[in-house]
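Taking it in order: structure first as structure tokens, then the write-up.
Every chain is numbered from 1 and lettered A, B, ... according to where its sequence line falls, protein lines coming before strand lines.
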2 protein chains.
Amino acid sequence: MTTIKDIARIAGVSVATVSRVINESGYVNADTRKKVEEAIKLMNYSPNEVARSLYKRKSKLIGLLLPDITNPFFPQLARGVEDRLQEHGYRLIFGNSDENEDKELDYIRTFVQNNVIGVISSTNFPDSDTYLKLKIPIVFLDRTSNESPSVYADGREGGRMAAQEIIARGSKHITILQGPAHIKPAQDRFQGAVEVLEELGMSYHVIQTSSFSYAEAGHWATILFEQHLETDGVIASNDIVATAVLQEAHRLGKSVPQDVQIIGYDDIPLSSLLSPSLSTIRQPAYDMGREAARLLIELIEQDKVDEKIIQLPVSFVERETTRRK
Amino acid sequence: MTTIKDIARIAGVSVATVSRVINESGYVNADTRKKVEEAIKLMNYSPNEVARSLYKRKSKLIGLLLPDITNPFFPQLARGVEDRLQEHGYRLIFGNSDENEDKELDYIRTFVQNNVIGVISSTNFPDSDTYLKLKIPIVFLDRTSNESPSVYADGREGGRMAAQEIIARGSKHITILQGPAHIKPAQDRFQGAVEVLEELGMSYHVIQTSSFSYAEAGHWATILFEQHLETDGVIASNDIVATAVLQEAHRLGKSVPQDVQIIGYDDIPLSSLLSPSLSTIRQPAYDMGREAARLLIELIEQDKVDEKIIQLPVSFVERETTRRK
DNA sequence: TCTCCATGTGTAACCGGTTACATTCGTTAC
DNA sequence: GTAACGAATGTAACCGGTTACACATGGAGA
């Protein structure tokens, strides 16, 4: 590997001068600069970030912790984060936490060991010791904590919206699929929907689900219609489950949206390609990722940051699994 | 931050001894070890990987380069890679290349700058200088090079399979969606399908597509039926496009699979949740990721490795967009 | 002429680990 | 009694950068 010493030798200067050229710091004579730059080009040299990071006690690396990249909501987030960071010269160390606190802790530890300069995390444990003790900037993404910087969409409002829309479109026997108990955003949207149903004095049923996995989605859909065949409106916990419900309704010969309306959550990319295409509550996942990265960069590069808690709007995306008003 | 010096001071020994305890190398008296371990626990110390990495000239980091994590085929790959690496104590630096050579080059450079110990890449340019000159192990994933270690599924065979199955199930007017020209696996599967159609002397049409994006998928589907309304069999370039075709067929009042059969490619998780559920050629994405990670670890940790080129089998997944034989 | 300061460059300490080598001590073998 | 060796530990060099500091030079201003 070419090192700064090699460049110094070739250019006939000291390592300090080479360093000055690379970092455009201090005084360097124009001719000297030229010699150094030529040597750098000649050897195709690029400085070792590890050595830099050691002395400066900070790197160009940022840790990203997501529950499961396999859940189609998260690739959007990740891509948003990555795109923004990349523009600013930062790189990503990535891990899947499976919503598991131990795994999270382990990742955060190795992030720190690698001198990451900031962390973006979708965690259910924002108030755990691990995060409180972190001495580097952290942004919570899709999850919130009281005072900490975070970027999220309003789950409660999303849930309310779903309930309002499905009621406004005429469903009387609504069943809500309640997402996994340990995942906060899932509970927020559930609470929001329940609120509206209670406010309007509607009766409804709840099916409690314990995962967002593809494998089990069909299972919840089956149970739903087994237990509440009269259901004419389904508020799903996310688009995957909604898709499974759509499939099950189809299998049972129910037509959508005439017999059953279905509203999903997230607006994952495939939702618009289903037939009927899925009405859903959209979370601007890509933008959330980008915003989180922007906020983190601000926290890293500036002393004070105005807005530390960024809530992005959710919206109802009207497609074909709901009736026209 | 706690350093090895702090631990040494607290335990009343030298840094060398602390290092020996941490790394279980050399001689350490049992009592001394205990003192050091207590100091480590007391301070919740964990060694700085950056310093380690600098001296040893290698880290515990591995670079992963994928075209676009937002394409639902890749999260599976990534998860497979991550799971296996994580089990072995390695971490991932991740980047999206957008199939863009410059972006790739840039990532590879920063990977190297960060002393990554290996790289896994889904690239269309495996024979570029960048990769040839890399002095660390590299595994190509979902893409191949002549002699280099790689893990992939047989695209040509997959294409053949798709054509055979759709013909065996009675389609006479087949249209193939040809994936983006610059993406090799897409061309492989296309070639395979064409081969079979030619061998059997079937006539067919081709629609050339230029991306795998969700946004454009619907567009190709529209064009397909505009140009070849008589189509009774579609071999799609991947499951996303297949889903769009399914939607378009539905819109046109064609019943699937009676009027049109559709075969996708990849078997992304959502395929089984569509209605009708999508018949497709399955690539074992998660396993491909795991295998790539396993192979890379072998290359890193061992002198010689037997199998450097691993081809995983594709399979036809019969669901509801094809007729029964 | 002398002082002061901007410019330009080199030397060496430092970041936090690892490890080669030196040193000390106690035991064993001859 | 002493040579040889294993056990235990410390000192200091090293990894590849950055930067504080020292020093040299030359021109401007008093």
Side-chain angles (χ1 to χ4, degrees), chain A residues 1-37 39-40 43-61 89 109-117 135-136, chain B residues 1-37 39-40 43-61 89 109-117 135-136:
Chain A
M1 195 177 48
T2 315
T3 74
I4 198 171
K5 276 183 201 137
D6 300 324
I7 301 301
R9 191 165 25 75
I10 293 168
V13 298
S14 74
V15 293
T17 301
V18 177
S19 182
R20 281 185 202 106
V21 171
I22 295 169
N23 298 294
E24 300 180 40
S25 63
Y27 294 110
V28 181
N29 182 288
D31 291 346
T32 312
R33 163 168 291 117
K34 206 171 197 177
K35 276 192 293 181
V36 171
E37 277 164 354
I40 289 174
M43 301 302 292
N44 193 23
Y45 166 78
S46 54
N48 183 321
E49 278 297 332
V50 175
R52 263 188 184 165
S53 163
L54 180 59
Y55 183 85
K56 298 199 157 190
R57 290 204 210 69
K58 48 172 105 162
S59 67
K60 296 292 254 177
L61 297 174
R109 192 168 43 69
T110 61
F111 287 169
V112 171
Q113 287 182 302
N114 283 286
N115 283 7
V116 298
I117 198 178
K135 291 190 194 69
I136 49 176
Chain B
M1 194 179 48
T2 315
T3 74
I4 198 171
K5 277 185 199 133
D6 300 325
I7 302 301
R9 191 166 25 75
I10 293 169
V13 298
S14 73
V15 293
T17 301
V18 177
S19 181
R20 282 187 201 106
V21 171
I22 295 169
N23 297 294
E24 300 180 41
S25 62
Y27 294 111
V28 181
N29 181 289
D31 291 345
T32 312
R33 163 168 290 118
K34 207 173 197 174
K35 277 191 294 180
V36 172
E37 279 165 353
I40 289 175
M43 302 301 291
N44 193 25
Y45 165 78
S46 53
N48 183 321
E49 279 296 333
V50 175
R52 264 189 183 166
S53 163
L54 180 58
Y55 183 84
K56 297 199 155 192
R57 289 204 211 67
K58 48 171 104 165
S59 67
K60 296 292 254 178
L61 297 173
R109 192 169 43 71
T110 62
F111 287 170
V112 171
Q113 287 183 302
N114 283 285
N115 283 6
V116 299
I117 199 177
K135 293 191 192 66
I136 49 177

In plain terms, say whether A:E49 and A:R52 are close enough for a salt bridge, that is, a side-chain N and a carboxylate O under 4.0 Å apart. yes

Atom pair distance, as rounded to whole Å: CG in B:L54 and P in C:dT18: 12 Å

Candidates D:dC15, C:dT18, D:dG17 - which lies nearest the side chain of A:A51: D:dG17

How many Å lie between OH on A:Y55 and P on D:dG17, as a whole number? 15 Å

Counting only heavy atoms not in B:K35, do more than 12 fall under 6.0 Å of its NZ? yes

Within the structure, does a side-chain N or O atom of B:S19 lie under 4.0 Å from either OP1 or OP2 of C:dT18? yes

Protein-nucleotide distance (B:I4, atom CD1; D:dT11, atom P), rounded to Å: 14 Å

B:D6 with B:R9: basic N within carboxylate O range, under 4.0 Å: yes

Whole angstroms only, please: what is the CG-C1' distance between A:N115 and C:dG16? 10 Å

In this structure, how many angstroms lie between the P atom of D:dG17 and the NZ atom of B:K56, rounded? 20 Å

Shortest non-hydrogen pair, A:V50 vs B:S53, comes out as CG1-OG, 3.6 Å

Interatomic distance where CD belongs to A:E24 and P belongs to D:dT18 [whole Å]: 12 Å

Answer yes or no: does a side-chain N or O of A:Y45 lie under 4.0 Å from OP1 or OP2 of D:dG16? no

Footprint string (nucleotides 3-9 of chain D, 5' to 3'): B base within contact, S backbone only, - free, heavy atoms under 4.0 Å: ----BBB

Spacing between A:I7 atom CD1 and D:dT18 atom P, to the nearest angstrom: 13 Å

If you compare all heavy atoms of B:S46 against all heavy atoms of A:R109, which two are closest, and at what distance to 0.1 Å? OG-CG, 3.9 Å

In terms of side-chain heavy atoms of A:N23, which of D:dT18, C:dG17, D:dC15 is nearest? D:dT18

Between A:Y45 and A:T3, which heavy-atom pair has the shortest distance, and what is it? CE1-C, 3.7 Å

Check B:E37 against B:V21 and note the closest heavy-atom contact, atom names and distance. CG-CG1, 4.1 Å

Verify the contact: side-chain N or O of B:N48 to OP1 or OP2 of C:dC15, cut-off strictly under 4.0 Å; return yes or no. no

Atom pair distance, as rounded to whole Å: CZ in B:R57 and C1' in C:dG17: 14 Å

